[in-house]
Amino acid sequence: MLEALNKCIDWVENVMMVVLMLVATIVAIVQVVARYVFNNSLYWSEELILYSLITMSFLAASMGVRYAAHIAVEMLYAFAGPRLTRVLKYVAAVLGLLFAVSLIHYGGRLFINTLNMGQLSPAMQIPVAYVYLSIPIAGAFMTLRYLLILRTLWSGRDYQPLLTSISPTT
């Protein structure tokens, strides 16, 4: 079940990243054309681009777990034996899981508090809480990914992240 959910989250993340990047790029190009060709700037463009980049950053944090792209001190594995290496991988996954759960908790509180205050963004006049909603969603995605890593380690296998064309070949 975790694998099926993981594949679904992979698809959602990939689609959202492409859509958000496309929106940010197109709006930036339209803003430049509007400002320099028509001498009339779009007052909401910077805000939309900023919110797209913020959302992409939190989605990228979850993707970083899936692709094992976060910063890690792998030098310790070279000096540790196989048992200690396994323990270190467990500790890293548990700490990551705790961080992801804290993103859910505190990001959810931030979302609810901001929603209750009714704070609107200055230019687009949308509730700012919707921008903050990306924090607990990314935390939930990361939680699932760390649970998958822990289950893989628990079963005695080594976690194999997805490979990309820029992944190390080691």
Asker: Can you tell me how far apart CG (Asn113) and CD (Gln119) are? Round to the nearest 0.5 Å.
Answerer: 11.5 Å
Asker: Return yes if some donor-acceptor pair links the side-chain N/O of Arg145 with the main-chain N/O of Tyr67 below 3.5 Å, else return no.
Answerer: no
Asker: Kindly say whether Tyr43 contributes a backbone atom to a donor-acceptor pair with the side chain of Glu46 at under 3.5 angstrom?
Answerer: no
Asker: Does CG in Asn116 sit with more than 12 non-hydrogen atoms of other residues, nucleotides or ligands closer than 6.0 Å?
Answerer: yes
Asker: Testing the basics here: between Ser134 and Phe58, what is the closest heavy-atom pair and its distance to 0.1 Å?
Answerer: OG-CD1, 3.8 Å
Asker: Just verifying a value: how many Å separate Asn40 CG and Gln31 CD, rounded to the nearest 0.5 Å?
Answerer: 9.0 Å
Asker: Tyr146 and Ala93: which non-hydrogen atoms are nearest, and at how many Å?
Answerer: CD2-O, 3.7 Å
Asker: Answer with yes or no whether the hydrophobic clustering places Tyr130 together with Leu50; edges join I, L, V, M, F, W, Y residues whose side-chain heavy atoms lie under 4.5 Å apart.
Answerer: yes
Asker: Answer with yes or no whether the hydrophobic clustering places Met124 together with Val27; edges join I, L, V, M, F, W, Y residues whose side-chain heavy atoms lie under 4.5 Å apart.
Answerer: yes
Asker: Would you call Met142 and Phe99 a side-chain contact if the rule is heavy atoms closer than 4.5 Å?
Answerer: yes
Asker: Is it true that Leu120 and Leu110 fall in one hydrophobic cluster, defined by side-chain heavy atoms closer than 4.5 Å?
Answerer: no
Asker: What is the distance from atom CG of Asn6 to atom CD1 of Ile149, rounded to the nearest 0.5 Å?
Answerer: 9.0 Å
Asker: Can you get from Ile26 to Ile29 by hopping between Ile, Leu, Val, Met, Phe, Trp and Tyr side chains that sit under 4.5 Å apart?
Answerer: no
Asker: Determine the minimum heavy-atom distance between Tyr90 and Trp154, stating which atoms define it.
Answerer: OH-CA, 3.0 Å
Asker: Can you name the closest pair of heavy atoms from Val23 and Leu48 and give their distance?
Answerer: CG1-CD2, 4.0 Å
Asker: Working to the nearest 0.5 angstrom, can you tell me the gap between Leu59 CG and Ile54 CD1?
Answerer: 12.5 Å
Asker: Just jot down the side chain to side chain donor-acceptor pair (under 3.5 Å) partners of Thr25, sequence neighbours excluded, or say none.
Answerer: none
Asker: Is there a side-chain contact between Asn14 and Val18, using heavy atoms and a 4.5 Å cut-off?
Answerer: no
Asker: According to a hydrophobic-cluster definition based on side-chain heavy atoms being under 4.5 Å apart (Ile, Leu, Val, Met, Phe, Trp, Tyr only), do Tyr106 and Met117 belong together?
Answerer: no
Asker: Where is the tightest heavy-atom contact between Gly139 and Leu103, given as atom of each residue plus distance?
Answerer: CA-CB, 3.9 Å
Asker: Does any part of the side chain of Arg109, heavy atoms only, come nearer than 4.5 Å to the side chain of Ile112, both counted from C-beta?
Answerer: no
Asker: Would you give the length of the straight line joining atom CG of Asp10 to atom OG of Ser62, rounded to the nearest 0.5 angstrom?
Answerer: 8.0 Å
Asker: Looking only at heavy atoms, which two atoms of Met17 and Ala60 are closest? And how far apart?
Answerer: CE-CB, 4.2 Å
Asker: Any chance you could measure Ile135, atom CD1, to Ile104, atom CD1, to the nearest 0.5 Å?
Answerer: 12.0 Å
Asker: Would you mind telling me which of Val91, Thr85, Val87 makes a side chain to side chain contact (heavy atoms under 4.5 Å, CB included) with Lys89?
Answerer: Thr85
Asker: Members other than Val32 in its cluster, when Ile, Leu, Val, Met, Phe, Trp, Tyr link by side-chain heavy atoms under 4.5 Å?
Answerer: Tyr36
Asker: Side chains of Thr143 and Leu97: does their closest heavy-atom pair fall under 4.5 Å?
Answerer: yes
Asker: Any donor and acceptor pair, going by atom type alone, linking the side chain of Ser121 with main-chain N or O of Ile126 inside 3.5 Å?
Answerer: yes
